A.B. asks: 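Pasting a structure below so you can have a look.
Everything numeric here is computed off the predicted structure, so don't read it as measured data. Order of the sequence lines fixes the chain letters, A, B, ..., with proteins taken first and strands second; residue numbering starts at 1 for each chain.
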There are 2 protein chains.
Amino acid sequence: MAVPETRVDLTETELAAWRGLLRVHTALVKALDAELAAAHDLPLSSYEVLITLESAPDRKRRMAELADSVLLSRSGMTRLVDRLEREGLLVRDTCTDDGRGCFAVLTEKGAELLERARPTHLEGVRERFLVHFSEDELRRFASAWERVLPGAASAD
Amino acid sequence: MAVPETRVDLTETELAAWRGLLRVHTALVKALDAELAAAHDLPLSSYEVLITLESAPDRKRRMAELADSVLLSRSGMTRLVDRLEREGLLVRDTCTDDGRGCFAVLTEKGAELLERARPTHLEGVRERFLVHFSEDELRRFASAWERVLPGAASAD
DNA sequence: GCGGCGTAGTTGCGTGGGCAACGGGTAATT
DNA sequence: AATTACCCGTTGCCCACGCAACTACGCCGC
């Protein structure tokens with residue numbers, strides 16, 4: 001007897017919810033990155049690293065930790081930290097506990113730039129994204145992401 | 001007299017809604033792209049182009065149209081179409097109306113590959129994203145994206 | 001202590017993508 | 001018709017990133 005065919009196409013609503021996510025993300029990130037780069041010569045990816053460092057104990061974090069927190073490969077993080085170190089926004093510090101390891105530490109210059117860049121960025125996020133939603137809707141978003149994230153990475 | 005200071009930091013909820021969007025998008029796209037590439041040797045960006053062509057009249061679209069629809073620069077689209085043409089999934093066709101222009105046309109081979117790839121991709125989108133939401137929630141998403149998109153690209 | 005194994009970070013190499021400049025075609029102004 | 005301005009798609013150049021290979025170190029069991 002016939003097993004019901006797996007439905008293939010998406011409904012209008014499904015498509016709108018999914019493709020909308022793609023478009024919104026791409027557009028927002030592009031705009032915010034351009035804005036930040038124009039105002040402070042700081043790409044969004046660099047900003048994310050500095051923000052992560054700032055909120056860390058002693059303003060320092062391991063490389064792998066950083067890579068995970070901004071979803072970048074280890075080698076990608078090596079080079080991003082290279083660039084930031086070249087600009088004096090952070091320095092590498094040897095890890096005494098683990099000879100293989102290495103810390104990235106936010107410098108004063110990095111902290112200062114971050115202080116200037118933060119209002120720009122947060123204003124951008126607010127004007128382009130947050131402003132459209134109520135507190136309640138934002139909570140729905142947050143809960144939605146919590147449901148999706150665990151199963152997003154692995155292949156099920 | 002003192003104008004109230006612009007609030008700088010985001011609330012917990014705002015942060016969760018915003019950063020969640022970033023993480024979810026990145027994780028989902030990474031996973032779906034890998035899945036599609038593994039199963040059909042077709043990156044997600046190529047899939048998007050083929051899908052766009054399939055739904056077009058005569059299965060053809062102008063280059064700039066394609067670029068806009070997948071949020072890629074013109075030069076990026078030139079090269080993506082180069083690759084797809086090299087694999088025989090589409091062909092370029094001269095535009096008779098406009099001597100500058102150029103169409104990309106889906107080939108039979110492209111259509112066949114798309115037919116095989118579509119279930120893979122849609123299953124992935126369902127399992128990783130859609131499955132977590134009710135019809136009602138999906139409608140909320142769609143409406144959310146409609147509100148955000150218009151103001152996302154331009155500066156304010 | 002010493003060989004094997006896992007792990008942290010770096011490096012070579014290949015790839016995808018953006019920006020600016022260009023070549024050729026169209027549209028507007030005269 | 002000629003000049004000018006604009007627009008389409010392509011190309012050169014560069015950069016950011018991932019993968020795989022490598023080095024150097026920690027952690028075992030023996």
A.B. asks: Starting the side chain at C-beta, find the nucleotide from D:dA16, C:dG16, D:dT10 nearest to A:Arg83.
C.D. replies: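 Looking only at side-chain atoms, A:Arg83 lies closest to D:dA16.
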A.B. asks: Which nucleotide wins on minimum distance to the side chain of A:Cys102, given the candidates D:dC13, C:dG9, C:dT11?
C.D. replies: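 Among D:dC13, C:dG9, C:dT11, the one nearest the side chain of A:Cys102 is C:dG9.
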A.B. asks: Does OP1 or OP2 of D:dC22 have a side-chain N or O of A:Arg100 closer than 4.0 Å?
C.D. replies: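 For A:Arg100, the contact criterion (side-chain N or O under 4.0 Å from OP1 or OP2 of D:dC22) is not met.
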A.B. asks: Could you check whether any side-chain heavy atom of B:Arg19 comes within less than 4.5 Å of a side-chain heavy atom of A:Glu48, counting everything from C-beta outward?
C.D. replies: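 Side-chain contact under 4.5 Å: yes.
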A.B. asks: Hey, is the side chain of A:Ser73 pairing donor to acceptor with the base of D:dC19 inside 3.5 Å?
C.D. replies: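 Flag unset: no donor-acceptor pair detected.
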A.B. asks: Is any side-chain N or O of A:Arg79 under 3.5 Å from a base N or O of C:dG12, one able to act as donor and the other as acceptor?
C.D. replies: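 In this structure, the two groups form a donor-acceptor pair.
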A.B. asks: Starting from the C-alpha separation in whole Å, work towards a yes-or-no answer on side chain to side chain contact (heavy atoms under 4.5 Å, CB included) for A:Arg61 and A:Ser55.
C.D. replies: CA-CA 10 Å; A:Arg61 276 216 200 285; A:Ser55 70; 4.1 Å; yes
A.B. asks: Cut-off 3.5 Å, side chains only: do B:Arg74 and B:Thr78 have a donor facing an acceptor?
C.D. replies: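 No, B:Thr78 and B:Arg74 have no side-chain donor paired with an acceptor closer than 3.5 Å.
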A.B. asks: Can you measure B:Arg61 atom CZ to D:dG9 atom P for me and round it to whole angstrom units?
C.D. replies: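 The distance from CZ of B:Arg61 to P of D:dG9 comes to 13 Å, rounded to the nearest Å.
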A.B. asks: Check the distance between C:dG16's P and B:Leu44's CG and give it to me in whole angstrom.
C.D. replies: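 It works out to 14 Å between those atoms.
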A.B. asks: Go nucleotide by nucleotide along DNA chain C from the 5' end; which of A:Lys30 and A:Met77 gets its closest nucleotide reached first?
C.D. replies: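 Looking at DNA chain C, the more 5' nearest nucleotide goes with A:Met77.
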A.B. asks: In whole angstroms, how far is the C1' atom of C:dT15 from the CG atom of B:Leu84?
C.D. replies: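 Between C1' of C:dT15 and CG of B:Leu84: 15 Å.
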A.B. asks: What does B:Leu72 touch in the nucleic acid at a heavy-atom separation under 4.0 angstrom: a base, only the sugar-phosphate, or nothing?
C.D. replies: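 Result for B:Leu72 = sugar-phosphate.
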A.B. asks: A:Leu89 versus A:Leu42: any side-chain heavy-atom pair under 4.5 Å?
C.D. replies: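 Yes, close enough: below the 4.5 Å cut-off.
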A.B. asks: When you match A:Thr96 and A:Ser45 each to their closest nucleotide on DNA chain D, which lands nearer the 5' end?
C.D. replies: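 This one resolves to A:Ser45.
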A.B. asks: Using distance alone, with no hydrogens and no angle criterion, decide if B:Ser143 and B:Arg139 have a side-chain donor and acceptor under 3.5 Å apart.
C.D. replies: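 The answer is no; no qualifying pair exists.
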A.B. asks: Write down the distance between CG (A:Leu80) and P (C:dT11), rounded to a whole number of angstrom.
C.D. replies: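 Atom-to-atom, A:Leu80 to C:dT11, this comes out as 15 Å.
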A.B. asks: Whole-Å distance between D:dC8 P and B:Asp68 CG?
C.D. replies: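 The answer, rounded to whole Å, is 10 Å.
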A.B. asks: Of the nucleotides D:dA20, C:dG18, C:dA8, which one has an atom closest to the side chain of A:Ser75?
C.D. replies: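 Between D:dA20, C:dG18, C:dA8, the one nearest the side chain of A:Ser75 would be D:dA20.
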A.B. asks: Rounding to a whole Å, what distance do you find between A:Lys60:NZ and C:dA8:C1'?
C.D. replies: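 My rounded result for the distance is 16 Å.
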A.B. asks: Considering just the side-chain nitrogens and oxygens of A:Arg74, establish if one lies under 4.0 Å of OP1 or OP2 belonging to D:dC19.
C.D. replies: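 For A:Arg74, the contact criterion (side-chain N or O under 4.0 Å from OP1 or OP2 of D:dC19) is not met.
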A.B. asks: In whole angstroms, how far is the P atom of C:dG23 from the CG atom of B:Asp98?
C.D. replies: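 Whole-Å distance recorded here is 19 Å.
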A.B. asks: A:Asp93 CG to C:dG9 P: how many Å, rounded?
C.D. replies: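 So the CG-P distance, A:Asp93 to C:dG9, works out to 13 Å.
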